Protein chains: 2
Amino acid sequence: MFMPNWESSLNEKNADAGADRRTHLRDRLIDIAQETVAAQGLAGLKARDLAAAAGCALGAIYTAFHDLDELVLRVNARTLARLEAALDAAFVDAEAEQALEAMARAYLSFARKDEPSWRALFEHRLPPGAPVPAWYADARNRLFSRLDAPLAQLLPGRDAMARAALARTLFSAVHGVVALGLEEKIAETPPKLLDEQLGVLIRLLAAGLMMESARLI
Amino acid sequence: MFMPNWESSLNEKNADAGADRRTHLRDRLIDIAQETVAAQGLAGLKARDLAAAAGCALGAIYTAFHDLDELVLRVNARTLARLEAALDAAFVDAEAEQALEAMARAYLSFARKDEPSWRALFEHRLPPGAPVPAWYADARNRLFSRLDAPLAQLLPGRDAMARAALARTLFSAVHGVVALGLEEKIAETPPKLLDEQLGVLIRLLAAGLMMESARLI
DNA sequence: AATTCGGCATGAACATCGTTCATTTTTCGA
DNA sequence: TCGAAAAATGAACGATGTTCATGCCGAATT
């Protein structure tokens with residue numbers, strides 16, 4: 001049968017075995033892959049280099065993961081967690097518009113600071129037909145929910161469903177500006193201009209939201 | 001020396017030789033690659049399959065292009081041209097907000113209809129350090145300028161530079177919503193909801209723009 | 001018309017990937 | 001202590017992009 005059943009199996013089960021000795025192979029591989037992706041991007045992650053850096057055989061990788069894709073998802077999950085933390089740290093409990101702007105700027109800042117890792121979130125594609133693991137989809141969706149509180153403050157009348165959709169839309173809009181702004185394939189946006197345009201976007205959206213909220217009252 | 005000097009060399013120079021007989025190898029390869037990318041995405045483009053489909057030897061590809069990357073850029077340039085045409089067709093010379101919405105919907109429609117080709121525009125990365133050809137950067141920047149007319153109508157006071165930056169920002173925001181909305185890696189957005197959220201985004205941005213314009217008068 | 005010559009096409013060969021699997025080594029409970 | 005199960009090993013496989021010595025063909029020259 002071989003039900004893979006990652007998601008939450010080996011991490012805790014064998015935590016005892018690696019307590020004093022070297023950490024578990026699986027975790028070590030994720031650590032090294034994370035550093036590699038952070039330094040050289042997704043394209044820099046090679047099975048043989050990874051095995052050499054981990055001090056294990058090439059085939060050992062495939063005893064810990066079914067794929068390199070699975071390893072990449074694991075690395076991306078960590079990146080998502082750091083991104084979540086960065087957004088949470090930027091969250092100011094003040095005015096809603098300020099909170100939205102702070103989170104947008106935190107997103108841009110994270111993308112700049114950890115650009116290769118951040119890029120890997122969107123560059124990576126799993127083979128066609130392969131289902132996205134639920135734990136990964138959850139991690140992605142948690143990102144959007146960070147916008148929920150400011151939106152609830154701005155639009156108290158909306159139900160949770162509509163707020164979630166709006167949160168996703170606003171997040172996507174900010175992501176688009178950051179993603180195309182950092183893309184060198186287009187004429188590079190000067191950093192100062194990108195900062196400014198992100199502020200413009202937030203101001204426009206916030207103005208629209210306030211108008212929307214006024215219409216509902 | 002072997003100065004490659006693509007950009008505009010062989011297309012016209014040898015047009016006579018392929019007038020009655022088979023078309024030039026270079027154009028044939030781009031045609032086939034375009035169909036392959038449209039059907040199977042960037043990942044489906046293989047040098048050997050391409051040579052077999054074109055009825056030429058494997059090495060012949062590299063007499064027409066320096067790289068497969070160069071071929072991909074040519075395919076992407078055609079996709080950009082079709083996207084431009086789609087945006088122009090959607091352009092309505094009426095109210096600015098309607099024009100913006102029409103172009104945003106045309107963008108989403110194009111991405112849906114030609115999803116693999118559209119994806120290839122953003123999935124493809126050229127090797128690190130390789131400069132983006134000027135003709136490709138120009139084609140990309142032409143896209144943004146499509147928003148210039150509606151923006152000039154909404155914000156008559158702004159100079160061309162600021163309008164160009166704003167056009168880029170709005171385009172990027174729409175792109176972000178479409179890109180993340182069509183991404184299956186996240187929980188798939190139902191098509192109807194995506195249509196709706198794109199409308200929400202445009203409405204919010206347009207409201208913000210009108211407020212901005214009112215402030216300037 | 002014969003001959004030379006230059007450039008293009010050829011496809012086997014090479015380098016580099018991810019992945020597999022027969023084999024060896026290690027682990028650990030009876 | 002021993003034997004079976006699990007894990008690790010690394011050579012081998014198949015795919016892939018790219019190169020290069022070789023052959024071929026057409027045009028220019030004599």
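All chains are named by letter (A, B, ...) in the order of the sequence lines, taking the proteins before the strands, and each is independently numbered beginning at 1. Keep in mind that the numbers below use all heavy atoms, side chains included, and drop hydrogens, waters and symmetry copies. Predicted, not measured: the structure shown is a model, and the values here were computed from it.
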Would L126(A) and E70(A) satisfy side-chain contact (heavy atoms from CB on, under 4.5 Å), going step by step from the backbone distance to the final call? CA-CA 9 Å; L126(A) 27 81; E70(A) 188 193 337; over 6 Å; no
L73(A) and V132(A): side-chain contact (heavy atoms from CB on, under 4.5 Å), yes or no, with the steps? CA-CA 9 Å; L73(A) 285 184; V132(A) 181; 5.8 Å; no
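Of the candidates dT19(D), dT9(D), dG18(C), dT9(D) carries the atom nearest the A60(A) side chain, counting heavy atoms from C-beta on. Comparing dA8(D), dT10(C), dG10(D) by their nearest atom to the side chain of L25(A) picks out dA8(D).
The OH atom of Y62(B) sits 7 Å away from the P atom of dT19(D) (whole-angstrom rounding). Atom NE2 of H66(A) and atom C1' of dG18(C) are 12 Å apart (whole Å). Atoms CG (L29(B)) and C1' (dA9(C)) sit 13 Å apart, rounded to a whole Å. Rounded to an integer number of Å, the gap from CG of L71(A) to P of dG18(C) is 11 Å. Distance, R26(A) CZ to dA6(D) P: 18 Å, rounded to whole Å. Rounded to a whole Å, the CD1 atom of I61(B) is 17 Å from the P atom of dC20(D). Atoms CZ (F65(A)) and P (dA8(D)) sit 12 Å apart, rounded to a whole Å.
Aromatic pair F171(A)/Y107(A): centroids less than 6.0 angstrom apart.
Side-chain contact between Q197(B) and R168(A): absent, with no pair of heavy atoms (C-beta onward) separated by less than 4.5 Å. A 4.5 Å side-chain heavy-atom check between T189(B) and E183(B) finds every atom pair outside the cut-off.
Within residues 39-51 of chain A, the residues that have a heavy atom under 4.0 Å from DNA chain C are, in order of number, L45(A), K46(A), A47(A), R48(A).
Of the charged side-chain nitrogens involved, at least one lies within less than 4.0 Å of a carboxylate oxygen, so that R105(B) and E101(B) count as a salt-bridged pair.
Within the 4.0 Å cut-off from OP1 or OP2 of dA8(D), at least one side-chain nitrogen or oxygen of T63(A) is found.
Nearest-nucleotide assignment on DNA chain C puts the 5′-proximal partner with L58(B), out of D67(A) and L58(B).
Relative to the six-membered ring of W135(B), R74(B) meets both conditions, a distance below 6.0 Å and an angle of at most 45° to the axis.
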